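Being a predicted model, the structure only gives us computed values, none of them experimental.
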Amino acid sequence: MVQAYILIQTEVGKAAEVARQISAITGVTQAEDVTGPYDVIVRAEARNVDELGKLVVAQIQSVEGITRTLTCPIVHI
């Protein structure tokens with residue numbers, strides 16, 4: 001299982017709606033609207049890195065109102 005944080009920038013005023021829509025996507029375990037340089041932080045999981053990439057590109061990035069994403073895979077050192 002691969003887990004990641006996805007940091008999201010949205011259009012002005014869209015953070016809460018983007019977080020709500022993303023939270024309904026399978027593989028997303030948490031989606032919160034936040035303050036700071038990013039507007040939404042998502043925690044997601046997938047079977048492998050390829051599936052994680054598909055989740056981000058095909059599903060999360062297709063949510064209206066998103067302008068940029070940064071995916072940060074979780075590592076256990």
Original post:
Any link between Leu7 and Ile74 through a network of hydrophobic side chains (Ile, Leu, Val, Met, Phe, Trp, Tyr) touching at under 4.5 Å?
Top reply: yes

**OP:** State plainly whether one hydrophobic cluster holds both Val63 and Tyr5, where clusters connect Ile, Leu, Val, Met, Phe, Trp and Tyr through side-chain heavy atoms under 4.5 angstrom apart.
**Re:** no

Subject >> Atom pair CG (Leu52) and CD (Glu45), whose distance is rounded to the nearest 0.5 Å >> reply: 10.0 Å

Subject >> Closest non-hydrogen atom pair, Ala15 against Thr10 >> reply: N-OG1, 3.6 Å

**OP:** Side-chain contact test, heavy atoms from C-beta onward, threshold under 4.5 Å: evaluate it for Val18 versus Asp39 and give yes or no.
**Re:** no

Original post:
Looking at Glu17 and Arg20, does any basic side-chain N land under 4.0 Å from a carboxylate oxygen?
Top reply: yes

Original post:
Are Leu70 and Ile8 connected in the hydrophobic side-chain network, where two residues link if heavy atoms are under 4.5 Å apart?
Top reply: no

Original post:
Does the side chain of Ile60 come within less than 4.5 Å of Thr71's, by heavy atoms?
Top reply: no

Original post:
For the residue pair Ile6 and Thr69, what are the closest heavy atoms and their distance?
Top reply: CG2-CB, 4.2 Å

Original post:
How is the hydrophobic cluster of Met1 composed, in terms of its other members, when Ile, Leu, Val, Met, Phe, Trp and Tyr link through side-chain heavy atoms under 4.5 Å apart, directly or indirectly?
Top reply: none

**OP:** Identify the heavy atoms of Ile25 and Gln59 that sit nearest to each other, and give their distance.
**Re:** CG2-OE1, 3.1 Å

Original post:
Which heavy-atom pair separates Asn48 from Glu51 by the least distance, and what is that distance?
Top reply: OD1-N, 2.8 Å

Table please: side-chain donor-acceptor pairs of residues 28-38 below 3.5 Å, with sequence neighbours left out.
| from | atom 1 | to | atom 2 | distance (Å) |
| --- | --- | --- | --- | --- |
| Thr29 | OG1 | Arg43 | O | 3.0 |
| Gln30 | NE2 | Glu32 | OE2 | 3.4 |

